[in-house]
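Worksheet for the structure shown next.
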Number of protein chains: 2
Amino acid sequence: MFTNALQELHALLPKHLIDTCVEIAAPKGTCLFTSGEKPTHMFFIVTGEVVLERPGLQGAPVILQRTRRGFMSEASLKSPSYHCHGQVVADSKIVRVPIRALREALDTDTAFSGRWITMLNKEVRRLRLQCERLSLTKVQARLLHLLETEGESGAYPIGAGIKSMAGELGVTHEALYRCIYAMEKDGALTRGDGFLRLSPRV
Amino acid sequence: MFTNALQELHALLPKHLIDTCVEIAAPKGTCLFTSGEKPTHMFFIVTGEVVLERPGLQGAPVILQRTRRGFMSEASLKSPSYHCHGQVVADSKIVRVPIRALREALDTDTAFSGRWITMLNKEVRRLRLQCERLSLTKVQARLLHLLETEGESGAYPIGAGIKSMAGELGVTHEALYRCIYAMEKDGALTRGDGFLRLSPRV
DNA sequence: CGTACTTTTGAATCGCATCAAATCTGGTGG
DNA sequence: CCACCAGATTTGATGCGATTCAAAAGTACG
């Protein structure tokens, strides 16, 4: 649809909101927000990678969302406080939109709120796919599901590394490495240019 | 917030939309819609239980969502076709809202679209929790997570049975039975009245 | 060159899926 | 009222696959 993430943002937001946006460079390791904090901005990822995470019940952080493009934590639009951390895991370019102006625009501009609802619908569907994926028991099944549903004709960017992918898939990085290796050996998969590519079915 | 699901619906929808709603009784086994079909209505579950499911890659159906109250498949609002099945798994009372009127109301009534966005935000958060839950590896951890996040102070309705719960948790029913039994024996859990109850920490 | 991190390989263990079967349950019809 | 059936529930045994712990090799960066 859009070759460029910024185009997408411009198509979504009304013009007067765009003027209030600030583009920031967020190096890996930056914390955009932490749990409990009051949201003042919405973050739109242009390039790079950001994860939403929560300290897990047993200690290990759980990744709730991994975003390489698009809004992060849309759900916090009307929340008085964040319920998770926003952590930058790869050098990123991010557009910051003041949340108050955004809320006002949503209240007055019906065309905009329609587009916003469309975006949320997309996110809901994406999350349902992720749930479906996580309910698969085998690593290979999850990886195939990821490549088939999120990849562009079977090509999926590795992004911030296999470890980060493993987290998103809900498996250990060792298991994912072994799975990728086995599938490469089978010829079901190739790796290169920072992409995983499904081999076309013969 | 609302003791009654219908109150919730009335608070959400504008009055003129309520008049277009039809309440239907859907016995267990009813299929509300199937994949590929064009959405003409939105379904609001008043009582009972409905699941969104998709035929899994390996055959076994995958449960994407289990709703006992509230809108089902909100994400299909603007979709030309459903991407999953809506299956009634317990005798249910359901309100059917014509999707066209709903769309028109969202386009013109900003207060309503604001409430709709709030609802979608809640759904996004719920789905993220589900992802978090499914990324836990042990059955007991998933069950605890479910009771802690979705239960009312640790009490969670079993609803349409353990098998249905097992599907939602992404585990086999045998594993869940065994887990519940073990936790009951430990005194961490009690069962009764169709509820699972977490024992208060001593 | 050293440090920190990712990637990779190895081996042991454990929990869950799987298959099988018995029991229990509610509902139906004779 | 009982026989019967379909489904849910429960228990048992087995094997696989992922986790886990450990450690080596590779890589980026100052």
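Chain letters run A, B, ... following the sequence lines, proteins first, then strands; residues in each count from 1.
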L52(A) vs T67(A) side-chain heavy atoms within contact, under 4.5 Å: no
Rounding to a whole Å, what distance do you find between [X]:[atom1] and [N]:[atom2]?
X	N	atom1	atom2	result
L196(A)	dT7(C)	CG	P	11 Å
L134(B)	dA18(D)	CG	P	16 Å
Y177(A)	dA18(D)	OH	C1'	17 Å
D91(B)	dG26(C)	CG	P	16 Å
L136(A)	dA17(C)	CG	P	12 Å

With a 4.0 Å cut-off on N to O distance, would you call E123(A) and R128(B) a salt bridge? yes
V139(A)/L169(A) under side chain to side chain contact (heavy atoms under 4.5 Å, CB included): CA gap, chis, key distance, verdict: CA-CA 8 Å; V139(A) 174; L169(A) 286 173; 5.7 Å; no
Output one line per pair: protein atom, nucleotide atom from nucleotides 13-16 of chain C, and distance, for all N/O pairs under 3.5 Å.
residue: dC16(C); atom: OP1; partner: V139(B); partner atom: N; Å: 2.6

Dump the intermediate steps for side chain to side chain contact (heavy atoms under 4.5 Å, CB included) on L17(B) and D109(B), then the final yes or no. CA-CA 11 Å; L17(B) 254 188; D109(B) 185 339; over 6 Å; no
With a distance cut-off below 6.0 Å to the six-membered ring centre and an angular limit of 45° from the axis, does R68(B) pair with Y156(B) as a cation-pi contact? yes
In terms of the nearest nucleotide of DNA chain D, which residue is placed more toward the 5' end: K28(B) or L176(A)? K28(B)
If every non-hydrogen atom of C131(A) is compared with every non-hydrogen atom of C131(B), which pair is closest and at what distance? SG-SG, 3.6 Å
Just checking K28(B): does its NZ atom have more than 12 heavy atoms from other residues, nucleotides or ligands closer to it than 6.0 angstrom? no
Set out, in order, the CA-CA distance, both residues' side-chain angles and the distance that settles side chain to side chain contact (heavy atoms under 4.5 Å, CB included) for C179(A) and V171(A), then state yes or no. CA-CA 11 Å; C179(A) 173; V171(A) 299; over 6 Å; no
Closer than 4.0 Å, any side-chain N/O of R191(B) to the OP1 or OP2 of dT9(D)? no
Could you run through nucleotides 21-30 of chain D and give me one letter per nucleotide, 5' to 3': B if any protein heavy atom sits under 4.0 Å from the base, S if only the sugar-phosphate is that close, - if neither? BB--------
